[in-house]
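Side chains included, hydrogens not; waters and symmetry mates left out as well; all remaining heavy atoms used.
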Amino acid sequence: MPEGAEAFEKPLVSGPVSAPDAEGRPRRVTRRFPLFTRDTARPEGGGRAAPGDAPAPARQWPMLAVLGLVALGLLLTALDVFRVGCILIGVALLVGAALRWLLPGVGMLAVRSRFTDIVTYGVLGAAIVLLALMAQPSPWLQIPFLKDTLHFTVSS
């Protein structure tokens, strides 16, 4: 018998999901997902944003840019510039959505699928910006039907 022929006689893995390859290691032969997952796949676009020989901060620059804007917004909020700080936090999330849409690899900014990340960052960023613009006292943005809705729902 030629070398390696024993691997074909004694399969290491049996069942419909996987079968051994030429060296006897299990491999998938069907497109079905296994019953039990042992690892999670990296999200689409979750690769490095810079080459592997670049230093770690350069490889994760999209995430660091968004975190830097959020940190600046939190600092402004702590320094009693509440509205501008909150707007900056919302803008940071909108920038994260734009980076996720435009760049093929964004490093750790990719958490889920591209579509889910864009929708999540976009909706949360827009909501934070709108709420910061409508915050009291003296809101920068007034939506007329909201006041009527409040009077309709809370009647005393």
Please tabulate, for the side chains in residues 126-136, all donor-acceptor contacts under 3.5 angstrom to protein atoms that are two or more places apart in sequence or on a different chain.
none

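A search for side-chain contact (heavy atoms from CB on, under 4.5 Å) contacts involving Ala71 returns nothing, not counting sequence neighbours. Residues passing the side-chain contact (heavy atoms from CB on, under 4.5 Å) test with Leu74, sequence neighbours excluded: Val70, Ile89. For Thr116, the side-chain hydrogen bond (donor to acceptor under 3.5 Å, both in side chains) partners two or more places apart in sequence, or in a different chain, are Ser113.
Val106 and Arg100 get closest at one heavy-atom pair: CG2-CD, 3.7 Å.
Applying the side-chain contact (heavy atoms from CB on, under 4.5 Å) test between Thr120 and each of Leu124, Ile118, Asp117 identifies Leu124 as the sole match.
How far CG of Leu64 is from CE of Met108: 7.5 Å, rounded to the nearest 0.5 Å. Separating the CG atom in Leu88 from the CG atom in Leu93 is a distance of 10.5 Å, to the nearest 0.5 Å. Note: Leu72 CG to Thr77 OG1 = 9.5 Å, rounded to the nearest 0.5 Å.
Under a 4.5 Å side-chain heavy-atom cut-off, the cluster of Ile, Leu, Val, Met, Phe, Trp and Tyr residues that includes Phe115 is completed by Val119, Val123.
By the rule that hydrophobic residues join a cluster once side-chain heavy atoms approach within less than 4.5 Å of another member, Leu94 and Leu102 end up as members of separate clusters. Put simply, Val111 and Leu103 are part of the same group of oily side chains (I, L, V, M, F, W, Y) that touch within less than 4.5 Å, one to the next. Hydrophobic clustering, with ILVMFWY side chains joined whenever heavy atoms are under 4.5 angstrom apart, keeps Trp101 apart from Val66.
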Stepwise side-chain contact (heavy atoms from CB on, under 4.5 Å) test for Leu109 and Tyr121: CA-CA 10 Å; Leu109 191 61; Tyr121 294 147; 3.8 Å; yes

